Amino acid sequence: MTVIPTPDLMSIAANLYRLRIPGGQAHALNSYIWVGADGVTLIDAGWPDSAELIAAAIESVGKHRSDVIRLVLTHFHDDHAGSAAEIAEWRPGMVVAAGKADSDVIRGRVTGEMPTLTEAERAIHPGFERPPMAPPCRVDLELTGGEVLPVGRAGARVISTPGHTPGSIALHLIDEDVVLVGDSVAEFEGEVILGVFNSDRGSLRRSAATLASTGATIAGFGHGDVVGAEAAQRIAAASDPFA
C-alpha cells in the first residue's frame, strides 16, 4: 500500500496555497492551489507520482480532486508536468493550459529542447543526456502571454517567460499581488537566483526582468521558499550563481 505523506501546505494569499512536493533536498518543488468560487485551479503537477499527494492537499483545504477545473503548466519538464496526464482525468472538461511553445512537447508530439548547461551546471548534474520530459498529456489551451485567466479576484495575467524552456510561462495574480514564476527564477538558501538548466540563458535574463516589472510583493517559485515581501525587487536583483 502506498502511504501518502501529510501535505506540506502554506497559505500565501487568501485562497492560494503552496504545496511542497518532496524529492530530496535538491529536488523538492512546489505546486500551487487556487480555491475559487467556481472550482480549483492547480498550477503545476509535480513528478509523475505526485497526483495522490496533490489530491490529498486539495482535500485538506476542503475540496475534492473532482473540483479541479483548470491545470496550468508553467513548462514541460517532468517535475512540473509529471502527473498532468493523470490529473487531467479527474474531472470531465478540465482545461489543461500551457505555453504555446511547450504544448506539443507536453502532448508528446515532439522532443523538448535540451538545456544548454554551463560548466557549473554540468558539475552538479553530470550525465544530462536527454530533456526531462513528462508522460504525454493533452493541452486544451495554448497560451502566448497577455491572456487573463479567471484565477484570483481580478484574474491572473499570463506572462511569457522563455529561457528556461521556450514555452515557459508565469502567472501574475493581480489583486493578490502574487507572481508565480515557474522555474525562471528560484529561491535558494535565502537568495533569489536565476533558474538553472535553461534552454536560453539570455532569454531567461530578459524574462526575469519582465517578472520584476510586475511589481509583485509576493513570489512563488517552482523551487525554494516563497518570498513574501519586495519580491519584484529581489527578482530584479537575482544573482546567477551557475553562470
Side-chain angles (χ1 to χ4, degrees), residues 7-14 16-34 42-47 50 53-54 57 72-82 115 117-118 120-121 123-125 132 152 156-157 159-165 168-173 176-201 203-243:
D8 180 356
L9 273 174
M10 173 186 178
S11 175
I12 63 174
L16 180 65
Y17 302 86
R18 182 215 66 190
L19 169 64
R20 176 64 55 83
I21 298 176
Q25 182 177 0
H27 299 291
L29 62 133
N30 302 313
S31 178
Y32 294 87
I33 299 167
W34 169 262
L42 177 65
I43 298 95
D44 282 337
W47 301 103
S50 301
L53 175 61
I54 292 170
V72 181
L73 302 174
T74 61
H75 59 290
F76 74 77
H77 288 163
D78 62 347
D79 54 343
H80 292 260
L117 303 184
T118 66
E121 288 172 330
I124 62 174
H125 201 313
R157 182 168 62 89
I159 305 171
S160 175
T161 55
H164 185 62
T165 66
S168 287
I169 58 171
L171 295 182
H172 180 207
L173 280 71
E176 289 72 20
D177 204 19
V178 175
V179 63
L180 303 177
V181 304
D183 278 1
S184 296
V185 191
E187 186 278 338
F188 182 70
E189 295 183 348
E191 298 295 325
V192 175
I193 64 172
L194 293 181
V196 297
F197 309 133
N198 305 295
S199 64
D200 185 329
R201 209 167 199 85
S203 292
L204 182 78
R205 291 188 180 95
R206 292 189 289 275
S207 291
T210 300
L211 291 168
S213 73
T214 64
T217 299
I218 302 168
F221 306 95
H223 299 270
D225 290 330
V226 170
V227 167
E230 299 184 340
Q233 295 92 318
R234 295 188 64 184
I235 291 171
S239 62
D240 192 353
F242 298 105

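This is a predicted model, so every value here is computed, not measured. Position 1 is the first residue of the sequence, and the numbers go up from there.
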**Request:** Could you list the residues that satisfy salt bridge (charged side-chain N to carboxylate O under 4.0 Å, His left out) with Arg157, not counting sequence neighbours?
**Result:** none
**Prompt:** To the nearest 0.5 Å, what is the distance between NE2 (His75) and OG (Ser184)?
**Reply:** 8.0 Å
**Fill in**
dist Trp34:CH2 -> Leu171:CG (nearest 0.5 Å) comes out at 12.0 Å
**Request:** Taking the side chain as every heavy atom from C-beta outward, state whether Ile43 and Thr74 have any atom pair closer than 4.5 Å.
**Result:** yes
**Request:** Would you mind reporting whether Glu187 and Val226 have side-chain heavy atoms less than 4.5 Å apart?
**Result:** no
**Prompt:** Can you tell me how far the OG atom of Ser50 sits from the CG atom of Leu19, to the nearest 0.5 Å?
**Reply:** 8.5 Å
Which donor-acceptor pairs under 3.5 Å do the side chains of residues 212-222 make with protein atoms, sequence neighbours left out?
| residue | atom | partner | partner atom | Å |
| --- | --- | --- | --- | --- |
| Ser213 | OG | Thr210 | O | 2.5 |
| Thr214 | OG1 | Leu211 | O | 2.7 |
| Thr214 | OG1 | Ala216 | N | 3.3 |
| Thr217 | OG1 | Asp177 | OD2 | 2.3 |

**Prompt:** About how many Å separate NE2 of His164 and CD1 of Ile169, when rounded to the nearest 0.5 Å?
**Reply:** 13.0 Å
**Prompt:** Quick one: does Thr161's side chain get under 4.5 Å of Val181's, heavy atoms only?
**Reply:** no
**Request:** Might you point out which heavy atoms bring Trp47 and Pro22 nearest each other, and give the distance in Å?
**Result:** NE1-O, 3.7 Å
**Request:** Determine, step by step, whether Leu180 and Asn30 satisfy the side chain to side chain contact (heavy atoms under 4.5 Å, CB included) criterion, reporting the C-alpha distance in whole Å, the side-chain angles of both residues, the deciding distance to 0.1 Å, and the verdict.
**Result:** CA-CA 10 Å; Leu180 303 177; Asn30 302 313; over 6 Å; no
**Complete:** Heavy atoms of Ile235 and Ala208 approach each other most closely as CG2-O, 3.5 Å
**Fill in**
dist Ile12:CD1 -> Leu173:CG (nearest 0.5 Å) comes out at 8.5 Å
**Prompt:** Do the non-hydrogen side-chain atoms of Leu16 and Glu176 ever get within less than 4.5 Å of each other?
**Reply:** no
**Message:** Ignoring hydrogens, what is the shortest heavy-atom contact between Phe76 and Ala81? Give both atom names and the distance.
**Reply:** O-CB, 3.9 Å
**Request:** May I have the step-by-step check of side chain to side chain contact (heavy atoms under 4.5 Å, CB included) for Arg20 and Asp225, ending in yes or no?
**Result:** CA-CA 9 Å; Arg20 176 64 55 83; Asp225 290 330; 2.9 Å; yes
**Prompt:** Do the non-hydrogen side-chain atoms of Pro162 and Asp200 ever get within less than 4.5 Å of each other?
**Reply:** no
**Asked** Out of curiosity, Tyr32 OH to Leu9 CG, how far, rounded to the nearest 0.5 Å?
**Response** 11.5 Å
**Message:** For residues 226-243, which residue pairs pass the side chain to side chain donor-acceptor pair (under 3.5 Å) check, not counting sequence neighbours?
**Reply:** Arg201-Asp240, Arg205-Asp240
**Asked** Going by atom types only, do His80 and Asp183 share a side-chain donor-acceptor pair under 3.5 Å?
**Response** yes
